[in-house]
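Accompanying notes for the structure given below.
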Amino acid sequence: MLRSHTCGELRAAHVGQEVTLVGWIDTVRDHGGLRFIDLRDRYGRTQVTLSPDSIDVNSLESLRSEQVLQVVGRVETRPDGMKNPRLETGEIELIGTTASILGDCPPLPFDFSRGDQVNDELRFQYRFLDMRRAEVQKRFQLRSDLQHEIRNYLHQRRFIDLETPMLTKSTPEGARDFLVPSRLNPGELYALPQSPQIFKQLFMVAGFDRYMQIVRCFRDEDLRADRQPEFTQLDLEMACVEEDDIMELLEGLMAHVVQALTGKQVETPFRRICYEDAQLRYSSDSPDLRSDLEIFELSDLALEMGFKVFSGAVEAGGAVRAIRVPGGGEWSRKEIESLEAIVKNQGAGGLAWMKRSDQGLAGPVARFCENEAGAALVERSGMEVGDLCYFVADASKRIVINSLSFLRKELANRLGHLKPGALEFCWVTEFPLFDEDEESGLPVPCHHPFTSPNPEDLERLESAPLSVRARAYDLVLNGFEVGGGSIRIHQRDLQERVFEAIGLSHEEAQSKFSFLLEALKYGAPPHGGIALGIDRLVMILAGDESIREVIAFPKTQRGTCLLTGAPTGVSDAQLDEVGLQLAPIDEPDAEPNEGENC
RNA sequence: GGGGAAGUAGCUCAAUUGGUUAGAGUCCCGGCCUGUCGAGCCGGUGGUUGCGGGUUCGAGUCCCGUCUUCCUCGCCA
């Protein structure tokens with residue numbers, strides 16, 4: 001070994017020992033003759049003192065940040081008054097006798113000590129430097145610890161860790177697939193898995209009644225702060241279970257990992273909210289329960305209030321909904337109206353409001369509240385003196401819901417409801433089995449086509465498919481969907497009925513999912529499971545606002561890698577080999593230097 | 001595909017209604033300094049204001065286009 005100890009290890013007990021440290025130079029404090037160096041590695045920082053009394057200073061002229069330095073020396077107690085209580089190793093210092101630079105380093109491309117404030121573009125281009133920062137290392141330690149705790153917890157409960165293929169079959173439903181050509185089969189392509197869904201169901205048929213895997217998944221869709229084209233899931237599946245079994249397992253797992261990683265206690269069981277309630281009360285299918293702000297429906301009253309903006313929206317098939325802001329009556333007009341930009345950003349025409357003081361109602365909506373409907377509104381809102389109420393009306397229900405969703409988030413933020421470190425889990429249940437496809441009008445699965453319908457609604461599968469509820473559940477943490485799962489269909493005939501309901505012919509179903517349908521014939525036990533977004537979970541536990549921060553080498557919003565430059569063109573020879581030809585790109589100013597092979 | 005924000009020194013930012021030679025901190029380089037831990041003090045180098053047009057006597061600032069990064073709608077079974 002080139003070192004005897006790490007930079008976080010030495011204590012008063014080591015005083016007098018001859019040791020060798022290797023680390024990166026964190027800072028150099030140069031007093032002319034005497035130099036102090038903070039040497040840093042994964043484990044901590046140790047002060048190295050280079051004095052002309054103990055080392056040939058001419059041998060080390062230019063010490064700079066982030067050089068890799070090896071120091072041999074003796075551990076000494078620091079003089080009285082010179083100890084640093086903020087450093088684990090602050091009782092001692094290493095008096096260097098020889099030092100050598102093992103890895104030189106030029107001046108850095110960005111300010112290391114203020115890494116959090118540096119452009120993402122630069123940070124991710126030099127991610128290997130960015131990750132050297134202690135704060136970043138902490139995130140990845142947390143990520144590693146989380147995965148370790150998850151595996152331990154599940155293995156103690158007799159889950160078996162099984163792997164599934166990365167090169168698999170394209171299933172055009174759902175998200176767009178990433179495609180991989182096959183040299184041995186020109187003209188045919190693999191797809192990278194969107195999830196191991198079908199494979200884990202086959203494990204159930206195979207008798208591995210408790211399966212788990214921490215696995216990479218791929219979806220070729222647009223990126224967001226919480227969405228990357230490749231991401232990591234905890235995938236698990238159990239045989240002979242119902243909803244409650246999966247939920248209880250996950251509640252125990254979450255409580256365990258949160259306790260292990262943060263020391264915090266999580267209350268179980270988690271709150272359960274049905275999908276319809278979540279949409280109405282929180283304007284979201286993943287409500288952030290750190291805030292208790294609630295939205296209420298006004299469409300019925302809006303028709304009677306005599307306010308054309310409201311009644312017009314409802315008559316056009318839209319909605320009017322409102323949110324009460326306790327204490328918002330104190331806000332200035334300017335403050336109140338500053339939130340309008342948020343809803344306009346979602347396409348809403350404007351943001352109406354009304355406040356209640358001891359002198360009665362005030363604000364743009366107040367004069368429409370003098371009639372009976374208005375009184376009912378005040379009653380329903382629960383407005384008290386000192387409160388404020390915001391209203392969103394639009395001919396598009398989607399715009400109303402989106403606007404209120406963003407408004408609620410911002411209000412929760414302004415009211416200080418989003419306390420750092422708070423963790424509010426909940427389940428969202430009773431999702432519809434299908435959504436309506438806007439183009440074809442056909443039902444499309446909300447979750448995936450293997451989700452079991454609620455038995456109570458089964459008779460409507462053909463007659464009124466959109467009214468059928470699914471045996472599906474989402475796990476939500478602080479407003480983020482961190483997991484989703486369901487009880488699956490384990491009977492072949494029911495699976496075929498669902499395929500039919502979504503407009504898949506018998507032949508299509510066969511060609512796409514024959515292996516699943518075949519497997520369901522051969523003694524498939526009832527089963528269900530869930531998949532958990534590891535990146536999102538780590539992000540929340542680390543207090544970050546983007547999963548990029550907890551992914552070592554993430555993609556930009558355009559799906560490129562700033563570090564490697566991927567994706568790139570490949571040589572004609574490579575294309576030939578896999579039997580691919582690239583279509584010309586419709587770009588007037590295509591860059592010639594990339595034209596060699598695309 | 002739509003909406004929004006940002007882009008000025010290696011980095012983080014400033015620059016009045018369009019007005020003289022685009023500044024500061026940091027980094028880097030040089031000098032001084034033996035108890036610092038955000039070391040200190042003195043001096044210095046460093047700019048195609050993302051790119052391309054336009055308006056103007058004059059553009060970092062206004063207009064148009066474009067590129068990049070970020071946020072978001074659509075999209076994400």
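Letters A, B, ... mirror the listed sequences (proteins, then strands); counts begin at 1. Heavy-atom basis, side chains included; hydrogens, waters and symmetry copies ignored.
- Heavy atoms of Asp30(A) sit under 4.0 angstrom from at least one base atom.
- A salt bridge (charged side-chain N to carboxylate O under 4.0 Å, His left out) with Glu243(A) is found for one member of Arg469(A), Arg488(A), Arg471(A) and no other, namely Arg471(A).
- For Gly33(A) and Arg114(A), each mapped to the nucleotide of RNA chain B holding its nearest heavy atom, the one lying further toward the 5' end belongs to Arg114(A).
- A stacking contact between His31(A) and rG35(B) is absent: the pair does not combine a ring-centre distance of less than 5.5 Å to the base's six-membered ring with planes differing by less than 30°.
- Nucleic acid contact for Thr451(A): none, since no nucleic acid atom lies under 4.0 Å from a heavy atom of the residue.
- Side-chain N/O atoms of Asp120(A) and base N/O atoms of rC70(B) include no donor-acceptor pair closer than 3.5 Å.
- The pair Glu66(A)-Arg132(A) meets the salt-bridge criterion, with a side-chain N (NZ, NE, NH1 or NH2) lying under 4.0 Å from an Asp/Glu carboxylate O.
- Here rG38(B) is the nucleotide among rG38(B), rU12(B), rC37(B) with the atom lying nearest to any side-chain atom of Arg86(A).
- Within the 4.0 angstrom heavy-atom criterion, no nucleotide atom of any strand lies near Leu223(A).
- Checking rU69(B), rC73(B), rA39(B) against the side-chain heavy atoms of Thr27(A) singles out rA39(B) as nearest.
- Contact annotation for Arg224(A): base contact, defined as any heavy-atom pair under 4.0 Å involving a base atom.
- Residue Asp53(A) is classed as a base contact, given a heavy-atom separation below 4.0 Å to a base.
- Set against rC73(B), rC71(B), rC11(B), the side chain of Ser546(A) has rC71(B) as its closest nucleotide.
- Distances from the side chain of Thr556(A) to the nucleotides rG38(B), rC70(B), rC73(B) place rC70(B) closest.
- Of the two residues near RNA chain B, Pro52(A) and Leu63(A), the one whose nearest nucleotide lies more 5' is Leu63(A).
- Within the nucleic acid shown, Phe450(A) has no heavy atom closer than 4.0 Å to any nucleic acid atom.
- A donor-acceptor contact under 3.5 angstrom links the side-chain atoms of Gln47(A) to the base of rU36(B).
- Regarding Leu122(A), its CG atom lies at a distance of 14 Å from the C1' atom of rA9(B), rounded to whole Å.
- Considering NZ of Lys555(A) and SG of Cys561(A), their distance stands at 5.5 Å, rounded to 0.5 Å.
- In terms of phosphate contacts, Arg558(A) brings a side-chain nitrogen or oxygen within less than 4.0 Å of OP1 or OP2 of rU68(B).
- Judged purely by distance below 3.5 Å, without hydrogens or angles, the side chains of Arg29(A) and Gln47(A) pair a donor atom with an acceptor atom.
- The phosphate of rU69(B) (OP1 or OP2) has no side-chain N or O of Arg548(A) nearer than 4.0 angstrom.
- For the pair Glu66(A) CD and rC27(B) C1', the computed distance is 13 Å after rounding to whole Å.
- Contact annotation for Pro445(A): backbone-only contact, meaning every heavy-atom pair under 4.0 Å involves sugar-phosphate atoms and none involves a base.
- rU20(B) and rC63(B) are spaced 26 Å apart, taking the C1' atom of each and rounding to whole Å.
- Considering only side-chain atoms of Val118(A), the nucleotide from rU12(B), rC75(B), rU34(B) that sits closest is rU12(B).
- Looking at heavy-atom distances under 4.0 Å, Gln117(A) makes contact with sugar-phosphate atoms alone, never a base.
- Rounding to whole angstrom units, CD of residue Gln125(A) and P of rG50(B) are separated by 18 Å.
- Residue side chain Asp111(A) does not reach the base of rG10(B) through any donor-acceptor N/O pair under 3.5 Å, judged by distance alone.
- Whole-Å rounding puts the Ile37(A) CD1 to rA39(B) P distance at 13 Å.
- Base pairing analysis places rC37(B) opposite nothing; no Watson-Crick or G-U wobble pair with both distances below 3.5 Å involves it.
- The nucleotide rU12(B) finds its pairing partner in rA24(B), both defining distances of the Watson-Crick or G-U wobble pair being shorter than 3.5 Å.
- Atom-to-atom, CG of Leu108(A) to C1' of rG10(B) comes out at 10 Å; the value is rounded to the nearest Å.
- The same atom, P, is picked in rG50(B) and in rA14(B); the two are 13 Å apart, to the nearest Å.
- Note on Glu221(A) versus Arg219(A): no salt bridge recorded, every NZ/NE/NH1/NH2 to OD/OE distance being 4.0 Å or above.
- If you take atom C1' in rG47(B) and the same atom in rU21(B), they sit 13 Å apart, rounded to whole Å.
- For rC76(B), the base has no donor-acceptor partner in the side chain of Arg219(A) [N/O atoms by modelled type, under 3.5 angstrom].
- rA5(B): Watson-Crick or G-U partner is rU69(B), with both key distances under 3.5 Å.
- Here NE2 of His448(A) is found 9.0 Å from CD1 of Ile198(A). Values are rounded to the nearest 0.5 Å.
- Heavy atoms only, all atoms of each residue included: Ile551(A) and Arg127(A) are closest at O-NH2, 2.8 Å.
- One atom, CZ of Phe110(A), and another, C1' of rG25(B), lie 18 Å apart when rounded to the nearest Å.
- Regarding contacts with the backbone of rA39(B), a side-chain N or O of Arg29(A) is found under 4.0 angstrom from either OP1 or OP2.
- In this structure, Arg227(A) does not reach the rC70(B) phosphate: none of its side-chain N or O atoms is under 4.0 Å from OP1 or OP2.
- Residue contacts for Arg64(A): at a heavy-atom cut-off of 4.0 Å it reaches the sugar-phosphate backbone alone, with no base atom in range.
- rU66(B) and rA24(B) have their P atoms separated by 37 Å, given to the nearest Å.
- Atom-to-atom, CD of Gln346(A) to C1' of rG2(B) comes out at 12 Å; the value is rounded to the nearest Å.
- Salt-bridge check for Arg45(A) with Glu88(A): failed, with every basic side-chain N at 4.0 Å or more from each acidic carboxylate O.
- With P as the reference atom, rG25(B) and rC42(B) are 10 Å apart, rounded to whole Å.
- We find that the ring of Phe36(A) and the base of rU36(B) stack, their centres lying under 5.5 angstrom apart and their planes tilted less than 30°.
- Atoms CE (Met82(A)) and P (rG35(B)) sit 8 Å apart, rounded to a whole Å.
- Nucleic acid contact for Glu93(A): base, since at least one base atom lies under 4.0 Å from a heavy atom of the residue.
- The side chain of Arg398(A) approaches rG74(B) more closely than any other nucleotide in the set rU36(B), rG74(B), rU69(B).
- Not a single donor-acceptor pair, N or O on each side, falls under 3.5 Å between the base of rC11(B) and the side chain of Arg123(A).
- The nucleotide rG47(B) finds no pairing partner, because no Watson-Crick or G-U wobble arrangement with both distances shorter than 3.5 Å includes it.
- Between Asp130(A) and Arg123(A) there is a salt bridge, since a side-chain N of the basic residue sits under 4.0 Å from a carboxylate O of the acidic one.
- The pair Arg227(A)-Asp222(A) fails the salt-bridge criterion, with no side-chain N (NZ, NE, NH1 or NH2) lying under 4.0 Å from an Asp/Glu carboxylate O.
- Contact check, Asn119(A) against rU12(B): a side-chain N or O comes under 4.0 Å of OP1 or OP2.
- Within the nucleic acid shown, Gln557(A) comes within 4.0 Å of at least one base atom, counting heavy atoms only.
- Using a 4.0 Å heavy-atom cutoff across all strands shown, Thr560(A) reaches sugar-phosphate atoms only and no base atom.
- Straight-line distance between the P atoms of rC32(B) and rU68(B): roughly 50 Å, to the nearest whole Å.
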